[in-house]
Amino acid sequence: MAEFMSLSAAVEHHLRDGQTVAMEGFTHLIPYAAGHEVIRQVKRDLTIIRMTPDILYDQLIGMGLVRKMVFSWGGNPGVGSLHRMRDAVENGFPQRLELEEHSHAAMANAYEAGASTLPFAVFRGYKGVDLPRVNPNIRSVTCPYSGEVLATVPAIRPDVAIIHALRADRQGNVLLEGIVGVQKEAVLAARSSIVTIEEIVDDFGPRSANAVILPSWTVGAIVHVPGGAYPSYAHGYYKRANAFYIGWDAIARERESFAAWMKANVLDGSPDSFASLAFGSRKSA
Amino acid sequence: MAEFMSLSAAVEHHLRDGQTVAMEGFTHLIPYAAGHEVIRQVKRDLTIIRMTPDILYDQLIGMGLVRKMVFSWGGNPGVGSLHRMRDAVENGFPQRLELEEHSHAAMANAYEAGASTLPFAVFRGYKGVDLPRVNPNIRSVTCPYSGEVLATVPAIRPDVAIIHALRADRQGNVLLEGIVGVQKEAVLAARSSIVTIEEIVDDFGPRSANAVILPSWTVGAIVHVPGGAYPSYAHGYYKRANAFYIGWDAIARERESFAAWMKANVLDGSPDSFASLAFGSRKSA
Amino acid sequence: MTYSATEIMTIVASRFLTNSDICFVGIGAPSAACNLARLTHAPGITLIYESGTLGTRPDVLPLSIGDGELCDTALTTVSVPEMFRYWLQGGRITLGFLGGAQIDRFGNLNTTVVGDYGNPKVRLPGGGGAPEIASSCGEVFIIMAMNPRAFMAKLPFITSMGHGAGKGSREALGLSTKGPTRLITDLCLFEPDPETSELIVTAIHPGVTREMIQAQCGWPVRYADQVGLTPAPTDSELAVLRDLQARTKQAHAA
Amino acid sequence: MTYSATEIMTIVASRFLTNSDICFVGIGAPSAACNLARLTHAPGITLIYESGTLGTRPDVLPLSIGDGELCDTALTTVSVPEMFRYWLQGGRITLGFLGGAQIDRFGNLNTTVVGDYGNPKVRLPGGGGAPEIASSCGEVFIIMAMNPRAFMAKLPFITSMGHGAGKGSREALGLSTKGPTRLITDLCLFEPDPETSELIVTAIHPGVTREMIQAQCGWPVRYADQVGLTPAPTDSELAVLRDLQARTKQAHAA
């Protein structure tokens, strides 16, 4: 049953050193504020899972908190490389980073299997490519009817899922809308979860009969963090700060500029550090 | 690309004798008008697929059009038996009916696999039960990671899917809402499809960003048939005619009363035969 | 107040339900019991119907598993594949309800066929969701009125698994869920013997004798060391149930 | 009107798109080409981004695959698992776009790593959707600017499959999709040789010579018997593209 708490309490209570955590968000609704709290609390030796690790995971890696990353596309979308991730993979700085690499199709299926509590997912993929050579978790099964050989991937079952959503009602039900990615699957696949939200409402009110809702009893902690997805965005609340993503490239390129930025903006910051930026940039979102 | 046409043209064009057809609808949005047109056109030797065959499939079976039924629960919900189905299975009247029987979980997964163009689905099911003894299509695979043995079912790939939906826009995009069942999967899994709708609108207008919509290019024929789901219902248009379902029991119990009812109400009827009943029973749906 | 056999069965079932239950509800007696609980002592209970409706609060009982009432009053409604994959198989349901045409002393159920499968005497509706409700829900309640053709020594067909051939059968198949923990009938309450998993009588409804129970049961009924007496339905329980049934009847006759 | 190498590459790609295409669109040049086609000769084209947006009509180009603009203007938006299962694997996409850091003469692509996988010189972003876009879409267009470190005789890593080791490779793996049917570069257009599936030059952009093409290519370039001349971008094509880019730049600087 969902429990409303502060961000620091939620991270303290739900995430421990050495655990596997998925902070999901497919461009939309990336849980930046929660991820920053993880950095402030210096949770170490993490295995981080995400289809599209972007700046937030670059920050976790650059701060030396990550042992292993499970992913399918690691870059700054439309901009270029994740320099901290590259520094870890290419130079072992600040520490070696183990990679388990998949395709998007595999990861999406693996989350779906996790939400279904299946041990693995079956899909038609990885034809004629090299990833199966370097990832022993890419295997296959034979269709018992057609004989077709299909690819498999282990289900994703994180210890903790962290997502950002739009609204929660007073009972702790959580609503997402727009580009919903794999967030619902991540929460359902995880053993516990933290959900940051833009807004608490008494009742969701009139809505689609098929609205994307996580019932209260599927969620661990709920934390009210307006602007908590910035520089990502929240459908109907604020837009993606594309300028921030473009600007990140220069910040993260060098170890020193990265460390200085993290100190000023994250380590010395708080859960509402970015709220003014999120809503300062508010447009007809 | 969806083509607007009359119901008789749609059935004539898309469905042929001997084909496999799924007329889906999980209590809600059952395509009665389209099924009745299939009966009027005397399409024979059909294999009919549906999770919950109810009165409509009782009618198709009773009229002698069906060779085989693939299903998971065949009854008149909350009322009792399907007498025409029982007469076919128990007495071979009006002809022998071959059954391929699954559980709901299997069928739901099989539609999902069909929509994904996978040859089969994997799920955790059929534990300690007798259905696998009598259905050779229930098989298993072993998880290549955990060694767990899981049940499999062949994907459902009908020649034709027939569903009833709420609205189409002028471009032929189709919207469903409410209890959406497996209808979207049925259309995506099928080689062609007929969609009857309550209403044609210029534009869907304001809606959930995640509305359940079948794009025009996934649909075969669209037919405007207000009331086309009666005695099932259409969310926001008219309610389920529960009294009709209760009354069907007496009609279908005897061969003669069934035949007389079918002649009067279906064979001598037309696509709009039931519209007045649907909207006559309109309440605060 | 006098009451019917169906009423006491429904009321007894409802008493076992709590605010923290996540119930996968079937049509008929389970639906009546769950909504009675919701309207009396368990207003926070979560009701799920396999048509996809999560957290529904119908004002009248649905005739079918997918009446519009269920969707109109639900927190949200998901597709049927999602229901069976993420929600039922996902292991999120604490309590499933089953009924059946026939049951054996280990709580295995038949809703498929009477007679030979290929050449049946009576073709029943089939399993529907039952096989996986029986294996995936945390525990299962069965509600069935007793009669000797329904409570059978040996089933012609096992549609859904209870305790199989007895204790250990579920574990042998890799199941970690409990299976049937209560069989609620019109005459008494059965619960599994901790030693054997055979369903044994643990409470008897008011006015019912052991002879009456055995007369309606096709196997030799066994009793717990301590057999309780079911408290009679209260006036308030009966009033809420009858009001619900009356609203329901009126709605479905329309 | 003069134009840049990127502009002619984008415009040439857009010309091949029609109203009946269902396109799986990647960020960058593919997105520019698809939206240019939509704003010029193919207003009915269906654009799908892997973030889940079906039938989207952005007014400015997205910076990321999941900008709000894509969702706001889409017919609807599905979950990412559904996108990869029902829509991409479902075989509904007629045309996929790919780019990459490196390509070989059979249209295989590398976007994973330069150097050894376990000890890379340059760690690239990885495959993302590419492996299954390459196998599941009806056909694939590749858009890449030429340079000899990108157009390689042998790739260090195959992220997504083109024509494998040549004609028959795809069929041998059970693929019935066409794979890369066009490679659109800043200098010329490549298409697979019907005999060998090697990408050969079938048209050369205005002002480009065979020597210029070979200078930017790490394998010996082959030419079709009939090599066409790419029509120069028209003023109208350039105006629409530049207007789109200007709107985009303004929107993302905000």
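Order of the sequence lines fixes the chain letters, A, B, ..., with proteins taken first and strands second; residue numbering starts at 1 for each chain. Just the heavy atoms: all of them, side chains too, but no hydrogens, waters or symmetry mates, feed the values below. Remember, it's a predicted structure, so these values are computed and weren't measured experimentally.
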Enquirer: I'd like to know which of C:T53, C:T77, C:L75 tops the heavy-atom pair count under 4.5 Å against chain A.
Expert: C:L75
Enquirer: Do any of residues 155-172 of chain C have a heavy atom less than 4.5 Å from a heavy atom of chain A, and if so, which, in residue order?
Expert: none
Enquirer: With a 4.5 angstrom heavy-atom cut-off, is it the side chain or the backbone of C:I22 that approaches chain A, or both, or neither?
Expert: side chain
Enquirer: I need the minimum non-hydrogen distance between C:R92 and A:T218, along with the two atoms involved.
Expert: CD-CG2, 4.4 Å
Enquirer: As an exercise: rank A:N173, A:L188, A:V212, A:D169 by heavy-atom pairs under 4.5 Å with chain C and give me the winner.
Expert: A:L188
Enquirer: Give a yes or no answer on whether the side chain of C:R85 reaches the backbone of A:L118 with a donor-acceptor pair at less than 3.5 Å.
Expert: no
Enquirer: Please determine if A:K184 and C:E82 form a salt bridge, counting it only when a charged side-chain N lies under 4.0 Å from a carboxylate O.
Expert: yes
Enquirer: Tell me whether the count of non-hydrogen atoms from other residues, nucleotides or ligands lying under 6.0 Å of CZ in C:R242 goes above 12.
Expert: yes
Enquirer: Do the non-hydrogen side-chain atoms of A:P215 and C:W87 ever get within less than 4.5 Å of each other?
Expert: yes
Enquirer: Is it the backbone or the side chain of C:T46 that comes under 4.5 Å from a heavy atom of chain A, or both, or neither?
Expert: side chain
Enquirer: Answer with side chain, backbone, both or neither: which region of C:L54 has an atom nearer than 4.5 Å to a non-hydrogen atom of chain A?
Expert: side chain
Enquirer: Got a second to check how far A:M1's CE is from C:N19's CG, nearest 0.5 Å?
Expert: 8.5 Å
Enquirer: Once you round to the nearest 0.5 Å, how far does OG1 of C:T76 lie from CZ of A:F204?
Expert: 9.5 Å
Enquirer: Given a strict heavy-atom distance threshold of 4.5 Å, which part of A:Q171 is in contact with chain C: side chain, backbone, both, or neither?
Expert: neither
